[in-house]
Amino acid sequence: MITFMNDSDSEEEPCNERTSLMSAESPPVPSYQDGLQASEAGEAQAHRKRRTGSSRSPNNIADGDMSESGVPVRESTLENEEEELTLKYGAKHVIMLFVPVTLCMIVVVATIKSVRFYTEKNGQLIYTPFTEDTPSVGQRLLNSVLNTIIMISVIVVMTVFLVLLYKYRCYKFIHGWLILSSLMLLFLFTYIYLGEVLKTYNVAMDYPTLFLVIWNFGAVGMICIHWKGPLQLQQAYLIMISALMALVFIKYLPEWSAWVILGAISIYDLMAVLCPKGPLRMLVETAQERNEPIFPALIYSSAMMWTVGMAKPDTAARGPSQQTWNAAEDGRENHRSPSHADSQVSETRTPVPTRPISSFEELEEEERGVKLGLGDFIFYSVLVGKAAATASGDWNTTLACFVAILIGLCLTLLLLAVFKKALPALPISITFGLVFYFSTDNLVRPFMDTLASHQLYI
Amino acid sequence: AFFWLVSLLLSSLIWFIAVKASDPRDEPLQKGLLIFGVMFSVLLQEAFRFLYYKLLRKAIEGLVALSEDGCSPISIQQMAYVAGVGFGLMSGAFSMINLLADALGPGTVGIHGDSQLYFLTSAFMTMVLIFLHTFWAILFFHGCEHRRWWEIMVVVVMHLAVSGSTFCNPLYVGSLVPSYLLMAIAAAWAYLLSGGSAQNLRRFLLCKS
């Protein structure tokens, strides 16, 4: 387990980032109002242009602060249109997020149900040192609580470390860390996964083929995630690495610890995003002060715009650091969507002045998307996977948890549309998931089993 | 689907408590409790269907208020259909999925003297229930919209009847045949309520424009 421990060091970091949430929409007030007003106005304008051909000049919006004070009358109409747009696209956002979350869960459940490796107990991570093979229930409970405390404190420490690094502009270090961790995920974990799958299905594969496959998979993944690539390929890679990470958690976390950790992490999520002193909140605020997008490769975004083919003056104006990341486009797209669920150190809005509003008008309204952090994917999949692994071989429990998580996600997105600031995506879904897991496993299962044995239908 | 799940949860909670509070060796009592559990579950499902109707009503009002031309992008009939499909799918999934998982493995059906048609009849029963849930939702929502309480009562009674007929299992003619008949009736009724008519049907089947 030494290799895993070492790797875990670098892998914890993305873990922590993924689980930490960011309120990308609670930056210092002026620029927020700025951005919001601009985006509202921009959308309303784009909307109106299609309908009435209004002649409001785009330069108004670039005035930023001024636009706030000058438009009391237009506020209400703007708000109305904004609300409508939000609701209309709210449903679309929900669907755009359902598909990847569902895919990730399907991959995890399929693997758990078919590959024995991930349900065998082969030791634990160093982050959960206390064993659960204890004679008494009380001892086991105590051990799992201690494990949780250790795990959560590791995550908190890592997140604070990350915030400090970001504050003191150690970008190279962060990049290196991220690249190292995604390298490890893409190569090592994929190798292990592929090995186990081949073992399960008794398929022989020679080393050269294996090397070729894994090399291609990993290299393309690195390029797609950290640089540029087709949107769907990037999404697919992000889903795959979330699934791999979730599988690692499912394998190496003992049962009770896993449930307690899930509960604790949703509470931590809630606090880290909504409390003023939360590390993630500070991270976003710093990022927005500097007008930079933050870490690529840790957010799943459902829609992006490509600037590569567009000869526009603003692309030249963008800073070189933004150019290298897909995150730049994310940022731009982020700016356009007033509501997104960021469950991580997510994108900030790129500043209004460097983006002439002509870009708004050219964008199709369908380009707007939603962002969800990879940590959310991972923990949703951990919940469903654990349900599939440990629920007495019952599919009903897995299905119930799946529905519960999706409904939680729906509710979170609804709240997002109402509150218009980044919200933690974990608490509601995980709560529903946990409630449904325990109740389905203990209450519904005997009932359904008895019904099925008598072939009664309700 | 979520609402159906919650109703199932609550009804199994009640049943579980009842079972734990009673004597496990008393066979007729257990059977009685089971029947009680089934009936209670049916009533609870219908109650949740009503709650869901209330929720959707509010949602439609919200959408209408926000839309430009005063009508919501999705009508109550469409919502009724979707609600029914959701209920049906969830109920079907919960009924069948464990059976399907077990069917993948080795075994002999009915080796202990039970019916050999177990899988087949389960499949048919599940299918008829899924269809029925869809039609019931359309009828139910229509009844709620137009304040025709007798329609709602008919839906509830039909549901109880179908569930009750499954008590005849393994005498499958007693459960499958009535259920399919009821489904045909409900299908025709829902079709007529949704604006269909014999004329429409004929035109559709003969591919006239």
Side-chain angles (χ1 to χ4, degrees), chain A residues 47 51 77 79-88 90-92 109 113-114 388 391-411 414 417-418 432-433 435-458, chain B residues 1-17 19 30-31 34-35 37-42 44-45 62-63 66-68 73-74 90-91 93-102 114-115 118 121-122 125-126 128-129 159 162-167 169-170 172 175 179:
Chain A
H47 211 64
R51 287 193 251 138
T77 45
E79 255 175 45
N80 239 1
E81 286 180 6
E82 186 52 36
E83 289 266 343
E84 182 200 327
L85 279 171
T86 311
L87 275 182
K88 236 203 290 179
K92 218 168 162 236
V109 170
K113 287 284 185 191
S114 54
S392 340
D394 196 23
W395 281 87
N396 284 344
T397 319
T398 315
L399 198 58
C401 287
F402 169 72
V403 171
I405 288 182
L406 286 185
I407 293 289
L409 191 62
C410 256
L411 276 176
L414 196 71
V418 167
F432 275 5
V435 163
F436 271 79
Y437 171 74
F438 285 111
S439 51
T440 312
D441 201 29
N442 298 321
L443 298 175
V444 176
R445 197 175 40 87
F447 188 44
M448 292 304 291
D449 284 345
T450 324
L451 285 182
S453 64
H454 295 278
Q455 220 174 3
L456 299 176
Y457 282 84
I458 52 166
Chain B
F2 181 68
F3 274 71
W4 187 88
L5 211 57
V6 175
S7 85
L8 179 67
L9 203 77
L10 289 175
S11 48
S12 24
L13 176 66
I14 304 286
W15 178 81
F16 190 74
I17 294 175
V19 164
Q30 293 297 320
K31 188 105 177 119
L34 199 59
I35 295 177
V38 167
M39 294 299 148
F40 187 74
S41 180
V42 167
L44 212 57
Q45 277 179 43
L63 282 174
L66 287 172
S67 79
E68 297 157 6
I74 178 168
M90 210 52 204
S91 131
F94 260 64
S95 312
M96 271 313 272
I97 205 160
N98 278 331
L99 273 173
L100 288 173
D102 285 336
D114 300 312
S115 160
Y118 185 78
T121 49
S122 297
M125 197 66 206
T126 311
V128 83
L129 255 190
H159 195 167
V162 169
S163 279
S165 75
T166 60
F167 287 115
N169 284 341
Y172 294 122
S175 69
S179 308

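Protein chains get the first letters and strands the later ones, always in sequence-line order, with residue 1 at the start of each.
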Chain A contact via B:Leu13 - side chain, backbone, both or neither, heavy atoms under 4.5 Å: both
Toward chain A, the part of B:Leu129 with a non-hydrogen atom under 4.5 Å: side chain
Per-residue contact mode, B:Met90 against chain A (heavy atom under 4.5 angstrom): side chain
Nearest non-hydrogen partners of A:Trp395 and B:Asn98, listed with the distance: N-OD1, 3.2 Å
Best-contacting candidate, B:Leu9, B:Val162, B:Val6, against chain A by heavy atom pairs under 4.5 angstrom: B:Leu9
Residue of the set B:Ser165, B:Ser122, B:Ser175 for which side chain to side chain contact (heavy atoms under 4.5 Å, CB included) holds with A:Tyr457: B:Ser122
Which of A:Thr440, A:Asn442, A:Asp449, A:Thr450 touches chain B most, by non-hydrogen pairs under 4.5 Å: A:Thr450
For a quick test of your reading: what N or O donor-acceptor pairs under 3.5 Å do the side chains of residues 398-406 of chain A make, sequence neighbours left out?
| residue | atom | partner | partner atom | Å |
| --- | --- | --- | --- | --- |
| A:Thr398 | OG1 | A:Asp394 | O | 3.4 |

Top contributor to chain A interface from B:Leu100, B:Val42, B:Thr166 [non-hydrogen pairs under 4.5 Å]: B:Thr166
Test log, rule ring-ring contact (aromatic ring centres under 6.0 Å, His included), inputs A:Phe447 and B:Phe94: CA-CA 11 Å; A:Phe447 188 44; B:Phe94 260 64; over 10 Å; no
Side chains of B:Leu8 and A:Ile458 in contact at under 4.5 Å (non-hydrogen atoms): yes
Inter-residue atom distance A:Gln455.CD - B:Thr121.OG1, 0.5 Å rounding: 4.0 Å
Whether B:Phe2 and A:Phe432 hold their rings parallel, tilted or perpendicular, with breakpoints at 30° and 60°: parallel
